[in-house]
Number of protein chains: 2
Amino acid sequence: MANLRDVARRAEVDPSTVSRVLRDDPSQQVRPETRERILTAARELNYRPNALARGLRTRRTDTIGLIIPSLDNLGFSDVTHGIQAAAAAAGKLVMVVDAGAVDGSAPEWAEVLDGAVDGGEPGASPASAAATKGDVYERLIGDGRLDGLIVAFAALDDRHVAQLAERGIPLVLVNRRTTGVHGSVVVDDVRGSAVAVEHLVRLGHRRIGLIGLAADTDTARRREAGYRQAMTAADLAIDERWVEAGPPTVEGGRAALYRLLAASRSARPTGIVVASLMSAVGVLSALRDSGRHVPDDISIVAFNDHPFADHTAPPLTTVRMPNLRMGQEAVRMLLHALDGVPVGDLVVPDAPELVARESTAPPRD
Amino acid sequence: MANLRDVARRAEVDPSTVSRVLRDDPSQQVRPETRERILTAARELNYRPNALARGLRTRRTDTIGLIIPSLDNLGFSDVTHGIQAAAAAAGKLVMVVDAGAVDGSAPEWAEVLDGAVDGGEPGASPASAAATKGDVYERLIGDGRLDGLIVAFAALDDRHVAQLAERGIPLVLVNRRTTGVHGSVVVDDVRGSAVAVEHLVRLGHRRIGLIGLAADTDTARRREAGYRQAMTAADLAIDERWVEAGPPTVEGGRAALYRLLAASRSARPTGIVVASLMSAVGVLSALRDSGRHVPDDISIVAFNDHPFADHTAPPLTTVRMPNLRMGQEAVRMLLHALDGVPVGDLVVPDAPELVARESTAPPRD
DNA sequence: TCCTAGGGTACTCCTATCTTT
DNA sequence: TAAAGATAGGAGTACCCTAGG
């Protein structure tokens with residue numbers, strides 16, 4: 001591989017001149033003729049500047065990190081896509097760490113949707129020394145190879161997030177807030193719940209339940225608060241037996257639904273808002289298994305849209321959150337942070353949208 | 001941020017000694033007492049070696065690149081997961097480039113890229129025309145920031161792959177083979193098709209079609225070949241009107257199915273093998289839309305399993321390919337390649353497995 | 001003379017900032 | 001003043017040295 005000196009020799013100039021030309025350094029002039037010689041030499045040698053050497057000198061690597069609980073999760077795909085696209089558009093590379101993979105946890109796609117699941121320590125992972133969660137993250141961000149970091153959802157527990165923040169690395173949290181850390185983007189979860197409740201109310205439902213996120217996270221709290229506020233606003237009573245929560249997985253949804261059914265024998269809800277797409281899939285299957293028909297017996301609205309919601313049985317009515325935008329905004333904020341602009345907490349202004357499919361209908365009674 | 005010299009000063013030793021201790025260099029001895037002093041100093045200063053400086057010197061970055069067509073294709077998720085997990089276990093970081101995201105990028109991308117060297121004609125417009133996919137990858141891998149690269153599926157065309165190979169960067173292709181490039185891992189696609197065909201044959205089907213992959217890739221060819229061989233082995237005739245292909249997307253599946261239906265009015269297949277999970281979902285919905293019942297009117301078997309297949313309408317019978325293993329093997333091969341061990345082409349030995357669900361049944365007639 | 005325990009230097013490649021012609 | 005050269009890092013590691021017993 002050719003380096004700067006090789007180019008300089010071939011063009012018969014000093015390496016620093018080559019550097020100036022190739023960087024288009026405006027602070028100093030180079031004769032067109034010399035510039036031409038240098039560009040030709042670089043092309044002929046197929047020269048590429050070495051990113052490591054450049055980064056060492058400039059303290060910029062044009063690389064951002066992304067820590068995400070799981071790459072194969074339907075609920076995250078829009079966010080990831082938004083981040084990748086925005087980063088690419090800004091000329092940044094993305095280093096992705098799949099927290100689930102690092103953890104060595106089972107590759108269960110639905111393990112974590114948008115709530116928090118704080119994984120236990122690997123414990124019995126002798127493997128190589130570098131394989132522990134903390135190590136990898138510490139190395140990743142303390143290394144100097146990243147300009148900044150995006151932590152999506154509950155990929156790290158608050159303790160780790162605080163550590164990163166202390167290190168002074170520019171940091172943006174996605175759909176996740178932690179006290180004391182600046183830089184976060186969330187979608188309007190309160191409004192999202194309201195959209196779901198209002199849809200059911202419009203259909204004529206009055207007994208509306210919630211299957212929320214079990215984890216004690218900001219997102220879980222906002223979604224539940226939105227549900228309660230919307231119910232109150234619609235003058236509807238909340239029966240606490242209709243409010244359940246579970247991990248955002250298919251199994252979590254099934255279990256939560258069974259608990260809800262067991263608790264509410266005397267007065268069943270006719271509609272349920274489910275705070276996670278994965279849970280909703282589990283809810284549908286549990287309802288089917290228990291001989292209930294959706295939407296005739298019970299209507300279901302789920303948080304987060306995905307093309308696959310078109311293809312469940314029945315197709316799921318969802319609330320589409322602006323997740324793509326959330327990812328893009330996260331990158332935008334991070335880029336600002338890299339430029340030293342202080343960043344705050346953003347709620348993506350795009351309104352959640354109801355995507356009506358076939359899992360909701362007027363109540364039968 | 002503390003550096004090596006800071007640690008050396010605090011421990012009152014030479015930087016090179018600190019380096020040896022922190023790297024556990026076995027080639028030279030350090031007194032336990034000195035070692036302790038150094039470790040303490042490093043801990044107190046919260047020292048982390050700078051990856052850029054280290055990489056510059058050692059020519060190793062402990063980072064591998066992954067180029068993948070799309071992060072939100074369910075059929076790929078196991079592969080990605082296997083790669084992430086194996087990389088993490090080996091202490092490697094992964095730089096992911098979502099080819100789809102890069103492709104759809106804004107024109108700014110071009111300018112950023114061309115800023116360095118590859119700028120097209122000097123006199124012409126600022127070279128934004130040269131902003132091809134290839135440039136991004138050129139930069140990514142010519143940069144020195146990656147030790148090696150995994151190219152998954154058809155993320156790059158053969159020409160680009162060949163370019164990368166020429167550059168001499170260790171390279172492993174996943175479910176993709178190109179003549180002349182060494183290092184590839186594939187699953188047994190031929191056998192996969194056979195498993196699907198045999199399942200339908202066992203159920204009594206004799207008119208079996210294929211919706212393959214449209215791209216002119218090795219994988220597409222192997223899956224089609226497997227179908228043809230299995231049909232021949234079962235003494236079944238192939239009606240070419242039953243053989244269609246399309247891109248591996250929901251829409252691609254829908255369109256291919258409609259073409260197949262249009263072409264085969266006089267003699268319809270009773271079962272179809274679909275070479276992609278995403279396409280199969282589209283096929284299901286198109287069949288529903290056209291008033292056909294699955295599996296009574298037509299049976300569907302899809303390539304690649306995913307938990308979501310449990311929840312489509314009806315649940316999809318699939319052939320589970322050893323994709324997780326394929327991802328892990330890709331990393332293993334790449335690590336070998338990094339050590340200078342020549343790598344060949346591997347077919348993951350794990351057999352494809354049929355996962356019977358409800359989209360297949362004996363034919364009605 | 002050999003070993004121990006560590007020191008010193010050169011080198012990786014690029015860029016920022018002087019200095020020179 | 002335009003145009004280029006020279007120098008000094010940036011942070012680490014490989015390799016060669018040396019003082020002392």
Side-chain angles (χ1 to χ4, degrees), chain A residues 1-39 41-42 45-63 139 141-147 167, chain B residues 1-39 41-42 45-63 115-117 139 141-147:
Chain A
M1 272 276 94
N3 62 23
L4 248 195
R5 253 204 303 277
D6 298 329
V7 178
R9 259 195 298 267
R10 180 174 259 257
E12 297 181 295
V13 294
D14 191 88
S16 59
T17 307
V18 176
S19 174
R20 279 196 294 261
V21 168
L22 297 183
R23 279 179 301 120
D24 264 333
D25 186 340
S27 75
Q28 223 147 352
Q29 314 266 0
V30 177
R31 246 184 307 164
E33 177 192 321
T34 309
R35 157 186 230 81
E36 206 34 58
R37 249 189 10 254
I38 290 172
L39 289 175
L45 292 172
N46 198 12
Y47 169 75
R48 303 274 147 190
N50 181 299
L52 268 45
R54 169 180 283 174
L56 188 57
R57 189 72 237 262
T58 61
R59 312 207 143 270
R60 283 189 140 250
T61 60
D62 287 329
T63 304
R139 193 157 74 87
I141 56 97
D143 242 10
R145 63 176 98 211
L146 296 183
D147 291 340
R167 285 193 159 278
Chain B
M1 273 276 95
N3 64 20
L4 198 58
R5 254 199 299 278
D6 298 330
V7 178
R9 258 196 299 269
R10 180 175 259 256
E12 298 181 295
V13 293
D14 191 88
S16 59
T17 306
V18 176
S19 174
R20 279 195 297 260
V21 167
L22 295 184
R23 279 179 301 120
D24 264 331
D25 185 339
S27 76
Q28 228 145 350
Q29 312 271 355
V30 177
R31 246 185 308 166
E33 178 192 320
T34 309
R35 155 184 233 82
E36 215 26 69
R37 246 187 15 253
I38 291 172
L39 291 175
L45 292 173
N46 199 11
Y47 169 74
R48 301 277 146 191
N50 180 300
L52 269 45
R54 169 180 284 174
L56 188 58
R57 185 73 238 256
T58 62
R59 308 197 148 278
R60 283 189 141 246
T61 59
D62 287 328
T63 304
V117 164
R139 186 164 78 99
I141 57 98
D143 243 8
R145 63 177 99 209
L146 297 183
D147 290 339

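So you know, we letter chains A, B, ... as the sequences are listed, proteins then strands, and number each from 1. Scope of the values below: all heavy atoms of this structure, side chains included, with no hydrogens, waters or symmetry mates.
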Say you draw a straight line from CZ of B:Arg31 to CD of B:Gln29; how long is it, rounded to the nearest 0.5 Å?
12.0 Å
How many Å lie between CD on B:Glu33 and P on C:dT4, as a whole number?
17 Å
What's the CG-P distance between A:Asp6 and C:dC13, to the nearest Å?
8 Å
In whole angstrom, give the distance that lies between atom CZ of B:Arg5 and atom P of C:dG7.
15 Å
Quick one: does any side-chain atom of B:Arg37 pair with a main-chain N or O of B:Ala11 as donor and acceptor, under 3.5 Å?
yes
Looking at B:Arg5, I'd like to know if its CZ atom is crowded, meaning that more than 12 non-hydrogen atoms belonging to other residues, nucleotides or ligands lie closer than 6.0 Å.
no
Would you compute the distance between atom CE of A:Met1 and atom CG of B:Asp143 and round it to the nearest 0.5 angstrom?
10.5 Å
Between CG of B:Asn3 and CG of B:Asn50, what distance do you get to the nearest 0.5 Å?
9.0 Å
Would you mind checking if B:Asp24 and B:Arg35 are paired as a salt bridge, meaning a charged N to carboxylate O distance below 4.0 Å?
yes
To the nearest Å, how far apart are B:Arg35 CZ and C:dT4 P?
15 Å
So if I define the base as every atom that isn't primed, P, OP1 or OP2, how would nucleotides 15-21 of chain C read as a B/S/- string at a heavy-atom cutoff under 4.0 Å?
BBBB---
Atom pair CD/OG1 of A:Gln28 and A:Thr17 - distance to nearest 0.5 Å:
8.5 Å
Watson-Crick or G-U wobble partner for C:dT1, using a 3.5 Å limit on both distances?
none
For atom CG of B:Asp14 and atom P of C:dG8, their distance in whole Å:
6 Å
Does a donor on one side chain and an acceptor on the other come within less than 3.5 Å for B:Thr63 and A:Arg145?
yes
So the contacted stretch of DNA chain D, first to last nucleotide with an atom under 4.0 Å from a non-hydrogen atom of chain B, runs from D:dG10 to D:dC17
